[in-house]
Amino acid sequence: MTTRIARLASRALIRVSGPDARPFLHNLLTQDVETLAEGELRFGALLSPPGRLLFDLFLWGEADGVLLDVAADRRDGLLQRLSMYKLRAQVTVEADDRPVFASWPEVADGFTPDPRTPGLGGRRIGGAIEPDATETDWQTHRLAVGVPDPALDAPSDKTYPIEAKFDLLNGIDFQKGCFVGQETTSRMKRRGSIKTRMLPLAFDGPPPPFGAEVLNGELRAGEVLSGRDGAAMALLRLDRIDGALTVDGRPVTVRRPDWTGL
């Protein structure tokens, strides 16, 4: 299968540098930043104090700082939030205008494996690259793998990271200690009180509108999130995903990717 490359215009970068860059981010994010090596890529998030998703992000280790790969339309909000947390920390937080690329289904030369799950391929920052695919092609592949995109599927401050499968996508380090929203996140994992998850749906025709109700008979089973022809992500109650599901009268089928273990 041919490896494809697309520029992800929906993503943008923030550079955090200075003597306190790593401890500053380590105390905020769901991911371990202290051990992030130069050239290494990790996945994580910044949560609200009650533990809901504000910003999903990738962390690229650099010799003198950390690059954050975030949703382009949320970059200004994250810049503002980090500046608010900065206080007396010796850090510089600034936008970085290099492009973000994805390759799939394989990791192209010069790319770094996507840390979420191997089926996604690879990612890269910068470089003189001529894409041979579109971001729409990439989003179709991501949806086929069954991975949510919080920027599309999780309105800010509405979704818990475990609902968006961050615990299954290497997005939370439960051993690192404190981070913003840590208490709620750790409690959900420890108690196993995970009642809803984002899972892909398959159906015929165009996607239902965002927020459309998924029914199991007459019982509400969840709601549709982002999608395209034939496939969509949905936030579903795990105790109601077996059986005949419908959306607006149309039959839909829940897919359970092997990597989820669900």
Side-chain angles (χ1 to χ4, degrees), residues 7-49 51-103 107 110-117 120-127 129 147 149-151 154 156 161 164 166-167 169-182 185-186:
R7 178 176 178 176
L8 305 184
S10 67
R11 307 297 294 185
L13 301 174
I14 293 173
R15 190 167 188 273
V16 183
S17 59
D20 296 336
R22 289 174 184 272
F24 168 68
L25 291 174
H26 185 82
N27 292 330
L28 295 176
L29 305 181
T30 62
Q31 188 55 261
D32 184 335
V33 189
E34 294 278 18
T35 62
L36 181 68
E38 183 178 356
E40 187 179 1
L41 176 62
R42 293 179 179 175
F43 180 57
L46 177 63
L47 309 181
S48 66
R52 294 185 177 88
L53 270 170
L54 295 178
F55 306 94
D56 71 291
L57 45 84
F58 293 86
L59 301 94
W60 296 83
E62 293 193 316
D64 58 348
V66 179
L67 272 177
L68 304 179
D69 165 356
V70 305
D73 61 358
R74 297 185 183 182
R75 178 167 69 174
D76 288 348
L78 182 54
L79 282 166
Q80 183 178 15
R81 180 73 59 142
L82 292 176
S83 296
M84 179 185 74
Y85 279 123
K86 188 168 66 172
L87 300 176
R88 293 184 177 86
Q90 297 182 60
V91 296
T92 300
V93 180
E94 57 192 347
D96 185 302
D97 291 330
R98 281 174 287 177
V100 179
F101 297 93
S103 72
V107 180
F111 282 63
T112 300
D114 192 306
R116 293 173 291 180
T117 187
L120 287 174
R123 294 177 83 90
R124 174 171 173 156
I125 297 294
I129 298 174
V147 174
D149 181 347
S156 184
F166 271 65
D167 57 322
L169 293 166
N170 302 308
I172 305 170
D173 186 332
F174 289 99
Q175 307 303 317
K176 61 161 283 191
C178 292
F179 55 85
V180 177
Q182 182 263 346
T185 305
S186 296

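Just so we're clear, the structure is a prediction, and the values are computed from it rather than from any experiment. We count residues from 1, following the sequence as given. Hydrogens, waters and symmetry mates are skipped; everything else that's a heavy atom, side chains included, is used.
Rounded to the nearest 0.5 Å, atoms CZ (R42) and CG (D32) are 5.0 Å apart. Distance check: L53 CG to D56 CG gives 7.0 Å after rounding to the nearest 0.5 Å. Between the CG atom in L78 and the OG atom in S83 there is a gap of 9.0 Å [rounded to 0.5 Å]. Between L57 atom CG and R74 atom CZ the span is 11.0 Å, to the nearest 0.5 Å. Annotation: the span from F55 atom CZ to L28 atom CG amounts to 11.5 Å, rounded to 0.5 Å. Here the straight-line distance linking atom NE2 of H26 with atom CD of E34 works out to 5.0 Å at 0.5 Å rounding.
Taking each heavy atom of T185 and P161 in turn, the nearest pair found is OG1-CG, 4.1 Å. Minimum interatomic distance between R22 and V33 (heavy atoms only, all atoms of both residues): NH1-O, 3.2 Å. Here the closest non-hydrogen pair linking G171 and T30 is O-OG1, 2.6 Å. Of all non-hydrogen atoms in D173 and F179, the two that sit nearest each other are O-CE2, 4.3 Å. Minimum heavy-atom separation, A9 to A72: O-CB, 3.9 Å. Heavy atoms only, all atoms of each residue included: L8 and R123 are closest at CD1-NH2, 3.7 Å.
In this structure a side-chain-to-backbone donor-acceptor pair under 3.5 Å is present from R124 to G126. Between the R11 side chain and the V100 main chain, no donor and acceptor come within less than 3.5 Å of each other. Of the possible polar contacts, one joining the K176 side chain to the L29 backbone as a donor-acceptor pair under 3.5 Å is found.
You'll find the side chain of I172 stays beyond 4.5 Å of the side chain of Q31, heavy atoms only. Using a 4.5 Å heavy-atom threshold, the side chains of V147 and L120 count as touching. Looking at T92 and V16, their side chains never come closer than 4.5 Å, going by heavy atoms from C-beta outward. With a 4.5 Å cut-off on side-chain heavy atoms, P99 and F101 count as touching. Two residues are said to be in side-chain contact when any heavy atoms from C-beta on lie closer than 4.5 Å; I14 and R75 meet this criterion. Side-chain contact check for L25 versus L82: some heavy-atom pair is nearer than 4.5 Å.
Applying the ring-ring contact (aromatic ring centres under 6.0 Å, His included) rule to pairs touching residues 29-48 yields F43-F58, F43-F166, sequence neighbours excluded.
Atom CD of Q90 is surrounded by 12 or fewer heavy atoms from other residues, nucleotides or ligands within 6.0 Å. The environment of CD in E94 is crowded: more than 12 heavy-atom neighbours from other residues, nucleotides or ligands sit within 6.0 Å.
By the side-chain contact (heavy atoms from CB on, under 4.5 Å) test, A89 pairs with D20, F24, K86, V91, sequence neighbours left out. When the side-chain contact (heavy atoms from CB on, under 4.5 Å) test is applied to V107, the partners found at least two apart in sequence or on another chain are F111, P113. In this view, S10 and E135 satisfy the side-chain hydrogen bond (donor to acceptor under 3.5 Å, both in side chains) rule, not counting sequence neighbours. Residues passing the side-chain hydrogen bond (donor to acceptor under 3.5 Å, both in side chains) test with T112, sequence neighbours excluded: none.
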Would you mind writing out the side-chain donor-acceptor pairs for residues 59-68 within the sub-3.5 Å range, not counting sequence neighbours?
{"residue": "E62", "atom": "OE1", "partner": "R15", "partner atom": "NE", "Å": "2.9"}
{"residue": "D64", "atom": "OD1", "partner": "R15", "partner atom": "NH2", "Å": "2.6"}
{"residue": "D64", "atom": "OD2", "partner": "R15", "partner atom": "NH2", "Å": "3.1"}

